Amino acid sequence: MEDTQILLGKVNLCLRKNFGKATIALLVVFLCSVTLAPLALLLSSSFFPLAVVTLLLMPLLLFMLQISFAQMCGKMYRDEPCVLGNLLDSFRDWRRCGGLALGYAVSAVVVCGVMVIGETLLSYYATGADPATFQDEAALGFMLTMFPVTVMLCMAVFFLLVLLPTSCTHLVLMDNPSMPLLVAVQENFHLLKGRKIPLLKFLLRTGGFWLVGAVVSLVVSLVLTFWLMGMTNVTDGTVKLFLGVTRVLDMVYFIFVYTTLIRLVTGVAAFYQSLKAPPAQGADAASPLLSDGSDASSGNV
């Protein structure tokens, strides 16, 4: 396995060449995600059964698009031909990629459901934990204020519990068109055996700066929001100033989040490609070393 500093340089080189293309592809995925939800709500007002089907299919379709996007980043890292139409690759391989997307969708629903229940309980206790004085509007306001934090926590938990252990599956599927999904998942586990922690460390180096920027902008925005809510005798000018600053911070947050996603997906492709590379000759071939000198093949995570 290559030194992590060399891999990081390759990731940076790839993104300098392909960041624009990756940004456009991720923007298409985002536009699809913000279009499907209102469509489901629109259908619910006219034909409820169709709305239910749409709500069930929405996470599946979004994860299939995200699998295609991740495969696109893998191709760009290898300097293979890649166009925007490759976002449909997972739909062309709908049996295998659809099964993988279904697993991700079910896991995401479970994780988000648990987090939302936790946020609901938190809002209940934050508003007094007394049914006699419980106010729906106050609880709803608290939940809306904490929504960005809930989203980030859902993403973090989902990443650590689901995405990280299966992070190379989409690339295994891409490289082996005839391999069944379950075999591809097993191959992914084989590749990452004892290497999940090194992969996590590498991904933190790849996108850590941008992730910290996203967290900082989110925290500052929340602090300003709570500060504004606690102020009395606020003038219209002050409100407009705070709203303008929070909107700028929200834009910065999304820029950092999207850059982090692109860098992380490209980092996974680099890590996978390094694992698949022919072993070096000599003693190092049996025990690939990481940049800190530790043995990547030792220990199971």
Side-chain angles (χ1 to χ4, degrees), residues 26 29-30 32-34 36-37 55-56 58-60 62-63 65-67 69-70 100-129 134 136-167 196-197 199-230 246-265 267-268 301:
L26 188 58
V29 175
F30 171 76
C32 291
S33 65
V34 299
L36 288 174
L55 286 172
L56 292 175
M58 183 173 63
L60 178 63
L62 292 179
F63 275 111
L65 285 172
Q66 292 166 12
I67 289 171
F69 171 74
L100 180 61
L102 180 62
Y104 286 150
V106 172
S107 302
V109 169
V110 172
V111 170
C112 291
V114 172
M115 297 299 295
V116 168
I117 292 174
E119 184 185 14
T120 304
L121 294 175
L122 182 62
S123 66
Y124 173 70
Y125 286 104
T127 53
F134 181 75
D136 293 339
E137 293 182 357
L140 181 60
F142 178 82
M143 292 180 66
L144 291 176
T145 303
M146 295 298 296
F147 180 74
V149 177
T150 304
V151 171
M152 180 162 284
L153 287 176
C154 287
M155 292 174 61
V157 173
F158 180 71
F159 172 79
L160 291 174
L161 296 183
V162 181
L163 289 183
L164 182 66
T166 61
S167 55
K196 296 185 187 69
I197 295 300
L199 172 59
L200 180 60
K201 291 180 179 179
F202 175 67
L203 293 180
L204 289 176
R205 292 187 63 183
T206 303
F209 168 79
W210 298 93
L211 182 60
V212 170
V215 173
V216 170
S217 59
L218 176 63
V219 170
V220 173
S221 178
L222 288 174
V223 169
L224 291 177
T225 301
F226 281 117
W227 189 16
L228 180 62
M229 292 173 60
T246 54
R247 284 171 184 157
V248 171
L249 289 172
D250 289 341
M251 292 177 59
V252 172
Y253 167 75
F254 281 108
I255 290 174
F256 275 109
V257 166
Y258 273 60
T259 304
T260 301
L261 290 175
I262 293 173
R263 292 187 64 86
L264 290 182
V265 173
V268 169
V301 179

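For this chain, numbers begin at 1 and follow the sequence in order. For clarity, every value in this text was computed on a predicted model and none was experimentally measured.
- Here the shortest heavy-atom pairing between Ala70 and Val265 reads CA-CG1, 3.5 Å.
- In terms of modelled atom types and a separation under 3.5 Å, the side chain of Ser221 and the main chain of Ser217 share no donor-acceptor contact.
- For Tyr258, the ring pair (Phe, Tyr, Trp, His ring centres under 6.0 Å) partners are Phe30, not counting sequence neighbours.
- The two residues Val268 and Ser167 make their nearest non-hydrogen contact at CG1-O, 3.3 Å.
- For the atom pair Tyr253 OH and Thr246 OG1, the distance stands at 14.5 Å (nearest 0.5 Å).
- Remark: Thr259 OG1 to Leu264 CG distance equals 10.5 Å, nearest 0.5 Å.
- Ring geometry, Phe63 versus Tyr104: the interplanar angle falls from 30° to 60°, so the pair is classed tilted.
- Atom CD1 in Ile67 sits 4.0 Å away from atom CG in Leu100 (nearest 0.5 Å).
- In this structure, NZ on Lys196 lies 13.5 Å from CG on Leu203, to the nearest 0.5 angstrom.
- One N or O on the side chain of Thr260 and one on the backbone of Leu211 form a donor-acceptor pair closer than 3.5 Å.
- For the atom pair CG of Leu200 and CZ of Phe159, the computed distance is 6.0 Å after rounding to the nearest 0.5 Å.
- Rounding to the nearest 0.5 Å gives a distance of 10.5 Å between CG of Leu65 and CG of Leu26.
- Listed here is the closest heavy atom pair of Ala105 and Pro59: CB-CB, 3.8 Å.
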